[in-house]
Amino acid sequence: MSEYGERAKALFCEGYNCCQSTFAAFCPATGLPQETALRLASGLGAGYGRQREICGAVSGMCMAAGLLFGYSDPAADEAKTATYELTRKLCAAFRAQHGSLLCRDLLGLDGVEESAVASARTAQYYAERPCAELCRFAAELLAEEMEKRGVEAKR
């Protein structure tokens, strides 16, 4: 397991949501202050504000990939295509392993969650949810891409 995977899992187990955990795990590589990363990702947990849509771990992985490999020039068509290709590659690998990118599917739930109130983080919560492992896996996918491209932490 890479340091990024370990960190993503640990952050989730500290009580951060899935998007925060995965995105903030890459702060050493992106140079983004952890508090900023946690705030940026805070609304995307539990499938976008607990709506059970796109998995927060996937969102965090894609956000970190954008910081590491994305583009900022709207006219940079090749860079845009490369960013989309990487995003699709990461998402495809996640989907191949877990069967879906949707939070509700990954948790075995039906439909959109009606309540915005976060579930209490209890021992039972952690025992029943795959989320810590999903955060670890998403972070590992991006860490592998970093290794392939020779990207190291900016520490």
Side-chain angles (χ1 to χ4, degrees), residues 1-72 74 80-146:
M1 184 182 316
S2 75
E3 67 179 280
Y4 301 105
E6 290 176 20
R7 184 71 182 136
K9 185 174 181 175
L11 286 166
F12 186 81
C13 291
E14 287 176 26
Y16 293 103
N17 74 38
C18 41
C19 188
Q20 288 175 307
S21 301
T22 306
F23 185 53
F26 290 93
C27 287
T30 64
L32 191 67
Q34 183 167 305
E35 182 177 352
T36 302
L38 293 170
R39 287 178 177 268
L40 279 169
S42 64
L44 303 180
Y48 284 64
R50 209 161 183 265
Q51 295 180 87
R52 307 300 185 201
E53 298 293 344
I54 297 294
C55 170
V58 172
S59 297
M61 170 183 68
C62 292
M63 290 170 63
L67 276 176
L68 291 165
F69 305 113
Y71 67 95
S72 59
K80 184 183 286 191
T81 297
T83 300
Y84 289 171
E85 286 174 346
L86 174 59
T87 300
R88 292 168 67 100
K89 175 184 174 182
L90 293 169
C91 288
F94 188 95
R95 186 184 294 111
Q97 180 67 32
H98 298 289
S100 182
L101 299 179
L102 295 179
C103 174
R104 66 177 154 266
D105 293 345
L106 297 166
L107 296 181
L109 303 173
D110 291 325
V112 174
E113 177 68 46
E114 296 300 321
S115 174
V117 178
S119 301
R121 295 293 182 96
T122 64
Q124 183 177 355
Y125 173 92
Y126 288 111
E128 293 175 351
R129 300 280 175 133
C131 304
E133 179 58 26
L134 296 174
C135 292
R136 184 205 62 78
F137 184 81
E140 291 292 332
L141 287 175
L142 183 53
E144 289 171 12
E145 192 64 32
M146 290 171 61

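The figures that follow rest on heavy atoms only: side chains count, while hydrogens, waters and symmetry mates do not. Note that the numbering runs from 1 along the sequence shown for the chain.
In this structure, the side chains of E6 and R136 stay at 4.5 Å or more apart for every pair of heavy atoms. Residues M63 and L44 are in side-chain contact: their nearest non-hydrogen atoms beyond the backbone lie under 4.5 Å apart. Side-chain contact check for Y48 versus S59: some heavy-atom pair is nearer than 4.5 Å. Put simply, the side chain of N17 does not reach to within 4.5 Å of the side chain of F23, judged on heavy atoms.
Other residues, nucleotides and ligands contribute over 12 non-hydrogen atoms within 6.0 Å of the CZ atom of F26. The number of heavy atoms from other shown groups lying within 6.0 Å of CD (E14) is above 12. For R88, the CZ atom is loosely surrounded, since the number of other residues' heavy atoms within 6.0 Å does not exceed 12.
Ion pairing between a basic and an acidic side chain is recognised when a charged N comes within 4.0 Å of a carboxylate O; K89 and E85 show no such pairing. R104 has no carboxylate O lying under 4.0 Å from a charged side-chain N of E113, or vice versa, which leaves the two without a salt bridge.
When all heavy atoms are compared, the tightest approach of C131 to L107 is SG-CD2, 3.9 Å. Nearest heavy atom pair, residue A8 against residue A139, reads CB-CB, 3.8 Å. Here the closest non-hydrogen pair linking A132 and C13 is CB-SG, 4.0 Å. Considering all non-hydrogen atoms of both residues, M146 and A29 come closest at CE-CB, 3.5 Å. Scanning all heavy atoms of the two residues, the minimum distance from S100 to L102 falls at OG-N, 2.9 Å.
Under the 3.5 Å distance criterion, with hydrogens and angles disregarded, a donor-acceptor pair is assigned to the side chains of E140 and S2. A donor and an acceptor atom, one from each side chain of S119 and R50, are located under 3.5 Å apart.
Between H98 and F137, the ring planes are perpendicular. Angles over 60° get that label, and only those under 30° would be called parallel.
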Criterion salt bridge (Lys or Arg N to Asp or Glu O under 4.0 Å) on E35 and R39, from CA distance to verdict
CA-CA 6 Å; E35 182 177 352; R39 287 178 177 268; 3.2 Å; yes
